[in-house]
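This report refers to the structure that appears directly beneath it.
Sequential numbering from 1 along the given sequence is applied to the chain's residues. Note that ligands are numbered from 1 as they come in the structure, with each ligand's atoms numbered from 1 the same way.
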Amino acid sequence: MAPPTGKRVKGVQIFRPFVYGTTAKPFDEKTNPKPPGVPDDHTHSWTVFVKGIDDVDITYWLRRVQFKLHESIPNHVRMIEGEKGKPFEVHETGWGEFEIAIKLYYVPESAEKPQTLYHHLRLHPYGRTEAEKETMRLAGGEIISWAYEEQIFNEPYEPFYEMLTSGAMPPAHPLPHGPGGVGGGGAASSAASTPTQPGHHKSNSKSSISGGGGKVKDKDKDKDKEVQMIRSEGGVLERSAMIPLVNRPGQPFSRETEQVEIKKLQEAMVKVEEMVKKSKEEVQRKEARLKELKAEAAAAAAAAGAPAGK
Ligand code: SLL
């Protein structure tokens, strides 16, 4: 690998959201028939993947991904090369759950060493409670186990910083089948009713955004407006650090989810505080009782007239 050129951009951290995980489905004659050639003991089809949030392209920072599967699987080490706008993924069939090692190889310009994540393939409903498992069972038999993650690039080299921060743009043409580039009020307003269509991006519009915060810093006001409208629907810009505002089917990681989680944490904190308060009161009651008992014992000893310590 050629050594990276240029200096590091001091004091800058760029992060890029991504999602990884597994999706599994039991074989079923009607909903998921077993393809010919699949061994009898295989019960599920499953996929393991790494992809951009909202399906945006991430191959400008992630070059390839190695998935290390269970050794019982033929060719259990799979290297997947990045293809622009497509997830890194492996489709398989099998009967058992296991830990998958997911090794991320970055673009050479980043000069980053590969990094490994671990993910447990789930085939069966899981959760802390029976109710959680039941919810999964009801979801059409599909078992999803996905994680949101943020890749942080600390003080990137200048050329890589350019790659990371230039060219933020809408992820899709706002008109489903419209020809030409993005632009014009009509296109922008239809974007509001047509959420992002990954893989259909043709535009060269050059809205750039700051990697750290995800704010538009373009001079072109019309483009800004268009970007804002797409954002307001929860879609994210390509080459950005944005997180969708709202959930859509198959896209559970958003500000909306974050708010729900924050609310759950706040409620849990209130509960914990109540429990701590009750425990403290209980300790106080017990201490008071202990004091009483000690006083009673001392009084009894004094009444018996026994000399202390004998
Ligand atoms: C278990 N420790 O016992 C795990 C191992 C292995 C899963 C699970 C084989 C697929 C194939 C397969 O599903 N292995 O033969 O291609 O649950």
Enumerate the pairs of nitrogen or oxygen atoms, one from ligand 1 and one from the protein, separated by less than 3.5 angstrom; state names and distance to 0.1 Å.
from     : atom 1 : to  : atom 2 : distance (Å)
ligand 1 : 13 (O) : W95 : N      : 2.9
ligand 1 : 13 (O) : G96 : N      : 3.3
ligand 1 : 14 (N) : S72 : OG     : 2.9
ligand 1 : 15 (O) : H42 : NE2    : 3.2

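With W61 as the partner, the side-chain contact (heavy atoms from CB on, under 4.5 Å) test is satisfied by one option alone out of M163, E112, E109, R16: R16.
For H124, the ring-ring contact (aromatic ring centres under 6.0 Å, His included) criterion is met by H44, not counting sequence neighbours.
Every pair tested for side-chain hydrogen bond (donor to acceptor under 3.5 Å, both in side chains) that includes a residue from residues 269-279 fails, sequence neighbours excluded, so the list is empty.
Judged by a 6.0 Å distance limit and a 45° cone about the ring axis, R239 is positioned over the six-membered ring of Y60.
Summarising the hydrophobic clusters (Ile, Leu, Val, Met, Phe, Trp, Tyr; side-chain heavy atoms under 4.5 Å, direct or chained), the residues clustered with Y105 are M79.
Separation of atoms CZ (F160) and OG1 (T165) is listed at 10.0 Å; rounding is to 0.5 Å.
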